[in-house]
Amino acid sequence: MVMRLFCCLLLLTAMPLMAATTLEASVDKNPVLAGEFFMLNISIDDSIKGQQPDTSALLKNFVVGPMSLSSRTNIINGSIKKQTSWSVKLMTRKAGEYTIPSFSVAGLNSQPISLSVKERSSDADKNNDIFLKTSLSNNSLFVQEAGVYTIKLYLAKELLDGSLSAPSMEDAQLTQLGKQSEDYELVNGKRYLVITRNYLIQPQKSGAYTIAAPVFQGRIQQNYRQLEVSALGDEQQIEIKPIPENYQGDWLPSELVSLTEQWQPEDNTVEAGTPITRTIMLTALGVTKEQLPEIDMPTIDGIRSYPDEKETNNAVRDGRVVSQQTASYALLPQTPGTYTLPEISLPWYNTKINRISYATLPERTITVTPSTTAPVQTLNPPAENNLNNTMAESAEQAVTVQQQTATPLWLIIVAALGYVLWIATVIFYFIKRPAKEVQQAAQTTNKTNQQPSLKALLVLAKSHDEKAFYDALNQYALTLTGKKVGALSHLCAMINNSQFTAQVNNLQAQLYSKQTASANLDAIVSMLKAHQSQTAKPSSPALKELYS
């Protein structure tokens with residue numbers, strides 16, 4: 001017993017001194033069919049950690065799957081055998097003679113493997129339970145023109161699991177469009193589950209290219225057994241044509257581009273101050289949503305324009321990419337008159353007739369009438385009459401002064417005593433009156449003389465009620481300017497502050513469009529206070545507290 005324990009201890013002590021002696025590589029099938037997966041096994045007679053064979057050289061000729069690792073240790077009659085193995089699935093799309101190169105692990109090298117790949121029969125998939133079909137929407141595209149590559153996987157057996165690789169093409173971007181779809185089809189009297197995927201192709205360079213076929217591998221259920229299966233699609237040849245040398249402007253290759261618009265309200269006659277919503281839709285076939293150009297709304301004096309956020313999307317219809325951009329604008333007529341919105345023209349390259357075409361929106365004339373809520377204003381007399389009236393008023397004031405100067409002295413003394421008694425009475429009244437009533441009276445007087453006050457505007461600004469603040473600001477402008485039409489514009493002109501005008505414009509844009517930017521209401525009130533302090537005469541401390 002002691003002897004056996006001593007032998008085991010001696011073997012365990014010697015284990016770290018043992019080193020790997022062989023590295024072997026083998027395949028489970030040879031020859032194999034094009035498009036058929038086979039297994040490559042690499043093993044070494046030792047326990048290896050932190051190392052694995054480099055299979056990057058296989059990517060040139062093979063489709064390489066993920067690598068799996070396994071290790072085991074056997075002790076038979078006191079003999080210890082260790083083994084570490086790596087396994088990886090390989091597949092090649094074309095028939096021919098191939099060489100799997102040697103691999104190096106722990107200072108050992110394996111022997112290369114000569115592999116024979118046979119051509120897959122053209123009838124191999126006719127009665128197969130699993131096969132792939134590929135197709136292109138157009139075998140000839142221009143640079144940056146969008147095409148659709150379609151993959152269909154046909155399954156006649158119950159699928160347990162599987163993976164379908166994506167297609168690839170040099171100098172092009174391939175992106176899956178949406179999610180895959182599932183349907184059923186009958187092929188030669190056999191029912192198949194069909195899984196369809198669409199890929200968007202965006203070529204970046206001209207020339208002749210090949211789209212590498214996708215590969216499927218998985219497991220199916222057949223007669224209570226699990227079978228590994230694989231399928232290979234067909235390669236597609238595609239020609240990419242260059243941009244014509246005589247083309248000018250933004251490159252937009254398409255089979256069809258259209259511009260349409262909607263107006264709300266639809267009538268061409270509106271009142272001043274009535275908001276109009278103009279929605280422009282740009283639709284293009286065979287381009288992505290990122291390729292759609294921006295549509296510029298021309299500016300027109302007398303009509304303010306507030307752009308809304310643009311929405312873009314694309315979809316596949318009948319194997320073609322359809323992209324659309326929707327842009328909305330809020331138009332706000334300011335003054336009455338007749339306005340003509342100019343034509344909008346968008347150049348694009350017609351790939352059907354190989355020449356430049358134009359998508360257009362015709363010009364539109366809008367008549368802006370005065371607001372029905374505005375009062376009738378009397379015209380100011382000519383400047384000469386104003387001068388005569390001013391001179392006449394000055395003469396009347398001079399006569400009044402002369403008349404007052406000629407007033408008897410005793411009448412002046414009686415009037416002065418009356419004023420003194422009246423002032424004394426007022427002082428006595430305010431001394432006896434509670435402070436609260438004085439404050440209420442002052443607030444009532446202020447509200448009567450100025451509706452709304454800056455204090456009211458400040459309260460509305462703190463509440464963030466933009467609509468109520470805008471209405472109160474209009475009323476304040478009406479009170480301050482005396483203009484019942486365009487009072488806010490006259491207030492902006494009176495203050496003559498670009499920041500104040502910008503904040504008012506932002507407030508109008510926020511109310512009449514869907515812009516995310518908002519006006520700073522507190523800043524508007526602060527600038528009104530600053531303007532008032534510059535124009536008003538020095539006031540008593542009690543009056544200043546109302547605006548603090």
Side-chain angles (χ1 to χ4, degrees), residues 244 246-287 289-314 322-374 485-486 488-489 501-502 504-506 508-515 517:
N246 60 347
Y247 186 83
Q248 301 292 329
D250 295 333
W251 176 241
L252 185 64
S254 177
E255 297 179 11
L256 178 65
V257 176
S258 67
L259 277 173
T260 58
E261 63 179 349
Q262 295 178 353
W263 290 77
Q264 184 63 35
E266 298 181 356
D267 196 357
N268 289 334
T269 301
V270 295
E271 292 184 2
T274 302
I276 304 171
T277 301
R278 186 185 189 184
T279 304
I280 300 177
M281 288 165 288
L282 170 61
T283 305
L285 182 65
V287 296
K289 60 182 181 181
E290 291 80 12
Q291 292 176 263
L292 296 178
E294 296 289 334
I295 301 174
D296 295 328
M297 172 69 71
T299 57
I300 300 175
D301 294 337
I303 298 180
R304 291 181 180 175
S305 176
Y306 304 101
D308 197 357
E309 292 183 356
K310 293 180 175 63
E311 295 182 2
T312 57
N313 56 74
N314 52 236
V322 181
S323 299
Q324 188 175 72
Q325 178 188 104
T326 303
S328 296
Y329 301 86
L331 306 180
L332 190 62
Q334 298 294 304
T335 56
T338 300
Y339 303 91
T340 299
L341 279 70
E343 176 188 82
I344 297 178
S345 181
L346 177 67
W348 58 283
Y349 189 81
N350 194 323
T351 58
K352 284 293 186 182
I353 59 177
N354 292 326
R355 69 181 185 187
I356 300 176
S357 298
Y358 294 88
T360 59
L361 285 177
E363 66 178 21
R364 180 163 179 159
T365 301
I366 299 177
T367 302
V368 180
T369 60
S371 175
T372 56
T373 60
V485 177
L488 199 53
S489 299
T501 305
V504 172
N505 291 339
N506 289 341
Q508 291 176 331
Q510 183 177 357
L511 294 176
Y512 291 104
S513 68
K514 297 179 181 179
Q515 289 187 174

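Sequential numbering from 1 along the given sequence is applied to the chain's residues.
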Decide yes or no for [X] and [Y]: does some side-chain heavy atom of the first lie under 4.5 Å from some side-chain heavy atom of the second?
{"X": "Ile300", "Y": "Pro342", "answer": "yes"}
{"X": "Leu341", "Y": "Leu331", "answer": "yes"}
{"X": "Pro333", "Y": "Ile366", "answer": "no"}
{"X": "Val270", "Y": "Val368", "answer": "yes"}
{"X": "Val257", "Y": "Ser357", "answer": "no"}
{"X": "Asn354", "Y": "Pro244", "answer": "no"}

Verdict with reasoning, Arg278 to Leu361, per side chain to side chain contact (heavy atoms under 4.5 Å, CB included) = CA-CA 12 Å; Arg278 186 185 189 184; Leu361 285 177; 4.2 Å; yes
For Glu343, all residues meeting salt bridge (charged side-chain N to carboxylate O under 4.0 Å, His left out), sequence neighbours excluded =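 Per chain and number, Glu343 pairs via salt bridge (charged side-chain N to carboxylate O under 4.0 Å, His left out) with no residue.
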ask   = Residues two or more places apart in sequence or in another chain: which of them pass salt bridge (charged side-chain N to carboxylate O under 4.0 Å, His left out) with Glu311?
value =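 Expected list: none.
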Taking atom [atom1] of [X] as the centre, does the number of heavy atoms from other residues, nucleotides or ligands within less than 6.0 Å exceed 12?
{"X": "Asp301", "atom1": "CG", "answer": "no"}
{"X": "Arg355", "atom1": "CZ", "answer": "no"}
{"X": "Glu290", "atom1": "CD", "answer": "yes"}

message = Treating Ser323 as the side-chain partner and Val287 as the backbone partner, does any N or O pair qualify as donor plus acceptor under 3.5 Å?
response =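 Between the backbone of Val287 and the side chain of Ser323 there is a qualifying donor-acceptor contact (under 3.5 Å).
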query = Side chains of Gln324 and Thr283: is there a donor and an acceptor less than 3.5 Å apart?
reply =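 Gln324 vs Thr283: donor-acceptor pair found between side chains.
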Least distance between heavy atoms, [X] atom then [Y] atom:
{"X": "Ile295", "Y": "Tyr329", "value": "O-OH, 2.9 Å"}
{"X": "Trp348", "Y": "Ala359", "value": "NE1-N, 3.6 Å"}
{"X": "Leu332", "Y": "Thr274", "value": "CD1-C, 4.2 Å"}
{"X": "Glu255", "Y": "Asn350", "value": "O-OD1, 4.1 Å"}

Within this structure, what is the [atom1]-[atom2] distance for the pair [X] and [Y], rounded to the nearest 0.5 Å?
{"X": "Arg364", "Y": "Ile344", "atom1": "CZ", "atom2": "CD1", "value": "12.0 Å"}
{"X": "Tyr339", "Y": "Thr365", "atom1": "OH", "atom2": "OG1", "value": "12.5 Å"}
{"X": "Asn313", "Y": "Gln325", "atom1": "CG", "atom2": "CD", "value": "10.0 Å"}
{"X": "Met281", "Y": "Thr326", "atom1": "CE", "atom2": "OG1", "value": "6.5 Å"}
{"X": "Glu261", "Y": "Trp263", "atom1": "CD", "atom2": "CH2", "value": "6.0 Å"}

Could you list the donor-acceptor pairs under 3.5 angstrom formed by side chains in residues 247-254, with sequence neighbours left out?
| unit_1 | atom_1 | unit_2 | atom_2 | d |
| --- | --- | --- | --- | --- |
| Tyr247 | OH | Asp250 | O | 2.8 |
| Trp251 | NE1 | Val143 | O | 2.8 |
| Ser254 | OG | Leu256 | N | 3.1 |
| Ser254 | OG | Leu256 | O | 3.0 |
| Ser254 | OG | Leu285 | N | 3.3 |
| Ser254 | OG | Leu285 | O | 2.4 |

